[in-house]
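Have a look at the structure below, then the notes.
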There are 2 protein chains.
Amino acid sequence: MQQWAQQAAVPPVHVRREGRSQDLWEAALTLFAERGYRGTTTRDLARELGMRAPSLYNHMRSKQEVLRDIMFTTMERALEAQREALEGTDAAAEQLRRVSEAHARLVIRHRREVLITHREVPSLGEEDRAVISGKQRKYVRVLRAIIERGLAAGRFDVESPLVAAFAVLEMLNGLEKWYRETGRHSEDDVVRQYGDFALGIARTKESRRGSVTGI
Amino acid sequence: MQQWAQQAAVPPVHVRREGRSQDLWEAALTLFAERGYRGTTTRDLARELGMRAPSLYNHMRSKQEVLRDIMFTTMERALEAQREALEGTDAAAEQLRRVSEAHARLVIRHRREVLITHREVPSLGEEDRAVISGKQRKYVRVLRAIIERGLAAGRFDVESPLVAAFAVLEMLNGLEKWYRETGRHSEDDVVRQYGDFALGIARTKESRRGSVTGI
DNA sequence: CCTACCGATCGGTAGG
DNA sequence: CCTACCGATCGGTAGG
């Protein structure tokens, strides 16, 4: 048995990929993001690596597994970034800002991963889809809890913390749709603005009907 | 030649569909939204209508054409709703509220259409993709113009009207991801809250760093 | 509306 | 890493 005949191990979430395995990961991110998972063939992936389709199977178990790895890794990264952002402060407004900025930064730095994760849910099998949906619900639950605490403390003013949580989250995720590293908008600038936007959503007392037209 | 052998005419954007043509439209919306365009086969569509795949071609020219019709119609509806919402007022804040509420209502009422339109861009041919992208850019341009005017008038406070426009738009589009007509959140309630959120994003002076922690 | 059918393409395997 | 190849499935056509 030669060395290229070894099956690549399933990489845990935070393991660094190397060589061809890393190249495949990169090619999959780019092609899945551009053409969609089902619009990307194993031949497309292979061509990107300068090899033939069957050779891919020395680096992956299946195309489906690559998609699942991308989506699982991305959700784990998001949850971890959320946890980290919560450390160090108990003030709801500051927590919302930190969590929002951390999420905005993650979307900017892992644009293709986030795009794929949100678009390709229907491309997963039932089991995997349930796992991903569970992680997404968990993410929203934390966001809602922050808003609820801020509301109870009189810092925020929203009708429904859950609705506000969804609004904040999807606004942040929307970055995947337009952000490009063109230099026109630096990462830090955009991150800060999105932090402001998140607080603008949660602190809407001032922009309610009546007060708006009455300014 | 029998009556069912006639080719269905390509339906203009606002023509009312009838009978089987309407059934096909409905089935396509549901299946494309749930499984994705490429995850839906002509056999799936046919089964939904109680017929065999080849019979579909009495009601459509191709599967691709159905997708294009859905996406074109949806973008046209959005632009039309935007135009209508702008009539009757010149105040930027009120325009932003009306446009945002109109868009939120459209997303709620045409959830599947909006979802498909945003997710299936990679499933379009190059030409169609360019047309859809053009319409999306046009939509953002109007939103940005409103925010720019409000900024000039001192009603809004954002660093970049374009960035704010994207944030508002993607927050509104995010409704497609979670809104279900469960009765837990009435359409009117959610629409009003999202109008508030949009103004919260545009009027961020109060939530800037410093003033937030200083409250 | 149907049956019969087709060329193309797909993800993946065998075997070296 | 390759060539050879395969069973399954796809969108769509022919012809009635």
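- The C1' atoms of five pairs define one axis at each end of the helix from C/dC1-D/dG16 to C/dG16-D/dC1, and these two axes lie 0° apart (to 10°).
- Contact between the side-chain N/O atoms of B/R52 and the OP1/OP2 oxygens of C/dT3 is found at a separation under 4.0 Å.
- Spacing between atom CZ of B/R61 and atom P of D/dG11 amounts to 19 Å, rounded to whole angstrom units.
- Rounded to whole Å, atom C1' of C/dG12 lies 17 Å from atom CG of A/L67.
- Within the 3.5 Å criterion, the main-chain N or O of A/T117 finds no donor-acceptor partner in the side chain of A/T74.
- Of the residues in residues 36-51 of chain A, A/T40, A/T41, A/T42, A/R43 come within less than 4.0 Å of DNA chain C through at least one heavy atom, sorted by number.
- Judged purely by distance below 3.5 Å, without hydrogens or angles, the side chains of B/N58 and B/S55 never pair a donor atom with an acceptor atom.
- Residue B/P54 places its side chain closer to C/dA4 than to any other of C/dA4, D/dC1, C/dG12.
- Here A/A85 pairs with A/R98, A/V99, A/A102 under the side-chain contact (heavy atoms from CB on, under 4.5 Å) rule; sequence neighbours left out.
- Side-chain proximity of A/Y57 to D/dT3, C/dG11, D/dA14: nearest is C/dG11.
- In this structure, the side chain of B/R109 does not engage the main chain of B/E187 through any donor-acceptor pair within 3.5 Å.
- In this structure, CG of B/L56 is placed 14 Å from C1' of D/dT13, rounded to the nearest angstrom.
- Note: CZ (A/R35) to P (C/dC10) measures 11 Å, nearest angstrom.
- Residue pairs meeting the ring pair (Phe, Tyr, Trp, His ring centres under 6.0 Å) criterion with at least one partner in residues 97-145 of chain B, sequence neighbours excluded, are B/H103-B/Y139.
- The distance between atom CG of A/L24 and atom C1' of C/dG11, rounded to the nearest whole Å, is 14 Å.
- In terms of modelled atom types and a separation under 3.5 Å, the side chain of B/R17 and the main chain of B/L24 share no donor-acceptor contact.
- Annotation for B/Q22: atom CD counts as buried by contact number, over 12 foreign heavy atoms lying within 6.0 Å.
- Screening residues 26-48 of chain B for ring pair (Phe, Tyr, Trp, His ring centres under 6.0 Å), with sequence neighbours left out, gives B/F32-B/Y37.
- Comparing C/dG11, C/dC1, D/dG11 by their nearest atom to the side chain of B/K63 picks out D/dG11.
- Among residues two or more places apart in sequence or in another chain, the salt bridge (charged side-chain N to carboxylate O under 4.0 Å, His left out) test is passed with A/R111 by none.
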